[in-house]
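Nothing here was measured: the structure is a model prediction, and the numbers come from that model.
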Amino acid sequence: MSSSEKKQYMQDLVRGLELAEYRMLRDKAMHNETIIQGDGKGGWREVSAREVFVELYNEPVPTF
């Protein structure tokens, strides 16, 4: 596998993970659920998926 192929593979992998996170967060926000988020100090906290979705993506939560 050449260097450019590895680079392309990594870009595709990262894009896929970003898309999966977006969809998961959108779906949880639509159902008014919470998510567990790391606090950066080795701990965790439970937060509203709606708040995180709006904060990260600057989009309103879709309705269904």
Side-chain angles (χ1 to χ4, degrees):
M1 185 179 278
S2 71
S3 177
S4 63
E5 288 174 329
K6 288 178 186 177
K7 186 176 178 180
Q8 183 62 42
Y9 176 76
M10 289 301 294
Q11 289 173 345
D12 292 344
L13 182 62
V14 168
R15 177 67 184 130
L17 291 171
E18 289 170 348
L19 183 58
E21 179 185 48
Y22 173 83
R23 288 177 178 170
M24 180 273 305
L25 200 51
R26 182 193 63 199
D27 291 345
K28 287 191 174 284
M30 288 172 57
H31 291 97
N32 230 10
E33 297 178 5
T34 59
I35 61 169
I36 303 300
Q37 190 176 51
D39 66 3
K41 300 175 186 173
W44 56 272
R45 61 189 178 134
E46 188 174 4
V47 294
S48 166
R50 285 180 168 270
E51 292 175 12
V52 175
F53 182 81
V54 171
E55 183 181 316
L56 285 178
Y57 300 109
N58 297 318
E59 296 178 21
V61 177
T63 58
F64 57 100

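- Applying the side-chain contact (heavy atoms from CB on, under 4.5 Å) test to Ser48 and every residue at least two apart in sequence or in another chain returns Arg50, Glu51.
- Residues Pro60 and Phe53 approach most closely at O-CE2, 3.7 Å, considering heavy atoms.
- In this structure, Ser3 has no side-chain contact (heavy atoms from CB on, under 4.5 Å) partners at least two apart in sequence or on a different chain.
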Identify all side-chain donor-acceptor contacts of residues 7-16 below 3.5 Å with residues at least two apart in sequence or on another chain.
| residue | atom | partner | partner atom | Å |
| --- | --- | --- | --- | --- |
| Gln8 | NE2 | Asp12 | OD1 | 2.9 |

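- Closest approach of Ala49 to Ala29, counting heavy atoms only: CB-N, 3.7 Å.
- Ile36 forms part of a hydrophobic cluster together with Trp44, judged by ILVMFWY side-chain heavy-atom separations under 4.5 Å.
- Of all heavy-atom pairs between Pro62 and Met30, the closest is O-CG, 3.1 Å.
- The heavy-atom pair separating His31 from Asp27 by the smallest distance is ND1-O, 2.8 Å.
- Looking at residues two or more places apart in sequence or on another chain, you find a side chain to side chain donor-acceptor pair (under 3.5 Å) between Glu46 and Thr34.
- Sorted by first then second residue, the salt bridge (charged side-chain N to carboxylate O under 4.0 Å, His left out) pairs that include residues 29-38, not counting sequence neighbours, are Lys28-Glu33.
- Through direct or relayed side-chain contacts under 4.5 Å between Ile, Leu, Val, Met, Phe, Trp and Tyr, Met1 connects to no other residue.
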*Give the intermediate values and the outcome of side-chain contact (heavy atoms from CB on, under 4.5 Å) for residues Tyr22 and Glu59.*
CA-CA 11 Å; Tyr22 173 83; Glu59 296 178 21; 2.8 Å; yes
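- For Glu21, there are no side chain to side chain donor-acceptor pair (under 3.5 Å) partners at least two apart in sequence or on another chain.
- In this view, Val47 and Ile35, Gln37, Arg45, Val52 satisfy the side-chain contact (heavy atoms from CB on, under 4.5 Å) rule, not counting sequence neighbours.
- Nearest approach of Tyr57 to Leu25, heavy atoms of both residues: CE1-CD2, 3.9 Å.
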